[in-house]
Protein chains: 2
Amino acid sequence: MFSQSEENYIKTIYHLSSISNQGISTSAIAKKLDTKASSVTDMIKKLSEKEVVIYKKYQGVTLTALGKSIAIDIVRKHRLWEVFLVNKLNFPWDEVHEIAEQLEHIQSPKLIDELDAFLNYPKQDPHGDPIPDKNGRMHAIEKSLLSSLKKGDKGVCVGVEDSSSEFLKFLDRQGISLGKNIEIINIEPFDDSLLIKLEDKELSISNKIASNLYIQKITIE
Amino acid sequence: MFSQSEENYIKTIYHLSSISNQGISTSAIAKKLDTKASSVTDMIKKLSEKEVVIYKKYQGVTLTALGKSIAIDIVRKHRLWEVFLVNKLNFPWDEVHEIAEQLEHIQSPKLIDELDAFLNYPKQDPHGDPIPDKNGRMHAIEKSLLSSLKKGDKGVCVGVEDSSSEFLKFLDRQGISLGKNIEIINIEPFDDSLLIKLEDKELSISNKIASNLYIQKITIE
DNA sequence: CATTATTTTTAGACCTACCTAAAAATATGT
DNA sequence: ACATATTTTTAGGTAGGTCTAAAAATAATG
């Protein structure tokens, strides 16, 4: 139905939309897909004819309901394959993205539903991102960027904003992974770096690191 | 390295070579890939430049050592994915071919090696075909077409020659599957049909069916 | 608000993988 | 062996997806 290239554009527009909720610019898409703006314009015209996006010249694009459901399906496939790679094939979480980028284009609804069942209907992928169910529904968990919390706040690490291999490997070296308890001991005013307690150990992390880590706050009732 | 299309040509030439051990004709490839002879000529020229095949005009093609190793790698991937689909995701054996045709093009040596380990290094795929190991080695098991056996011969069903969905579904309806015991009770001279004992039940099958079923003969020592 | 800078689109070209139609080479039959 | 049939290749064309360079539209700035 849709080529791999078309699917990549749809997915990219979907991801960019979740941030900006404006029309997505040609150049933003080009940057994400590492291609030229002129190529993007061509593809957008095609997707517009296929009723996947709404496009007016110079105004950027937005996904239609159809486009959104295609995107969610691709995201579902991508994240389920990531779970498979980590949970069943013992891949480290920083190596699964590239392979899932290929696997997400495999066409077989039954395959994905069986994989979902095989994995026990996981709700999050290895980076903490929500996995849409068969009907496209997903519920994001309550989470905040570590950088947005205050001194004394406690919580559990539940996700990453940046899932690049470099960042994830850095977290591995620091012993930071999903499920770990984190408490903010102090925030350094000079550079906004954070002194945190990770389980039992104290650790200092830069603001840049903190603004790429999601924490589920522990609300003491 | 190689496009999906190139991989499909290489795989097709490999499969045809295992039958004829002559140079493979343009038209044979075209027929298998459901394409035109002129398209095949184009692709063959390209593969020849890439040193995957040896090609002389009008003489057909043969795979080089490089071509053969690429083909075996694709076959390995195809068959491992088939095992995964049947053993882990509960797919029936007649539904896995099409999906494996897609999965076999995923590029990641580590993925395949991990999958191999996860599946416990299977030696045969769900249709009884041998799975090459990491180094491309595979040992075919001793097997004969049921149609080549004689009255009184006994054995175990170990493979199929035709793995079309139609044939496999037919076998399902007859209760024939890999591992079942088969004994030839009688061969009807008029139409070469066979009366066989399948485990405990007697069954009559046409010669066409028998010439698509592989049996490992039980040699009574 | 007019001029400059940036973004976006158009125009024309390339590459891959396919096609049709015609020409060239090989096979076949009597 | 020679005419005919078949196979294979060549020539030229199309569609998808990309590119560069130039033109058009929008955004930014003094």
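Every value quoted in this text rests on a predicted model; they were computed, and no experiment measured them. Chain A is the first sequence line, chain B the second, and so forth, proteins listed ahead of strands; every chain is numbered from 1.
Take the nearest nucleotide of DNA chain D for A:Lys36 and for A:Gln59: the residue whose nucleotide is more 5' is A:Lys36. If B:Lys56 and A:Glu6 are placed on DNA chain D by their nearest nucleotide, the residue sitting closer to the 5' end is B:Lys56.
For A:Ser38 and C:dT8, the shortest distance from a side-chain N or O to OP1 or OP2 is not below 4.0 Å. Distances shorter than 4.0 Å separate some side-chain N or O of B:Tyr55 from OP1 or OP2 on D:dT9. At the phosphate of D:dT18, OP1 or OP2 sits under 4.0 Å from a side-chain N or O atom of A:Tyr9. Considering only side-chain N and O atoms, A:Ser5 lies under 4.0 angstrom from the phosphate OP1 or OP2 of D:dT18.
Looking at the side chain of B:Ser39, the nearest of the listed nucleotides D:dT18, C:dC18, C:dA25 is C:dC18. Of the candidates C:dT8, D:dT26, C:dA21, C:dT8 carries the atom nearest the A:Ser27 side chain, counting heavy atoms from C-beta on. Checking D:dT9, D:dT18, C:dC18 against the side-chain heavy atoms of B:Asp42 singles out C:dC18 as nearest. When distances are taken from the side chain of A:Lys57 to each of C:dT10, D:dT8, D:dC19, the shortest belongs to C:dT10. The side chain of A:Tyr58 approaches C:dT8 more closely than any other nucleotide in the set C:dC19, D:dT18, C:dT8.
Cation-pi contact between A:Lys134 and A:Tyr121: absent, since separation from the ring centre below 6.0 Å together with deviation from the ring axis within 45° is not met. By the 6.0 Å and 45° rule, B:Lys68 does not stack over the aromatic ring of B:Tyr14.
Counting atom types as modelled, B:Thr41 pairs no side-chain N or O with a base atom of D:dT10 as donor and acceptor under 3.5 Å.
Distance CG (B:Asn8) to P (C:dT16): 17 Å, rounded to an integer number of Å.
Between A:Tyr9 and A:Phe2, the ring center distance fails the sub-6.0 Å criterion.
Here the CZ atom belonging to A:Arg173 is positioned 11.0 Å from the CG atom belonging to A:Leu168, to the nearest 0.5 angstrom.
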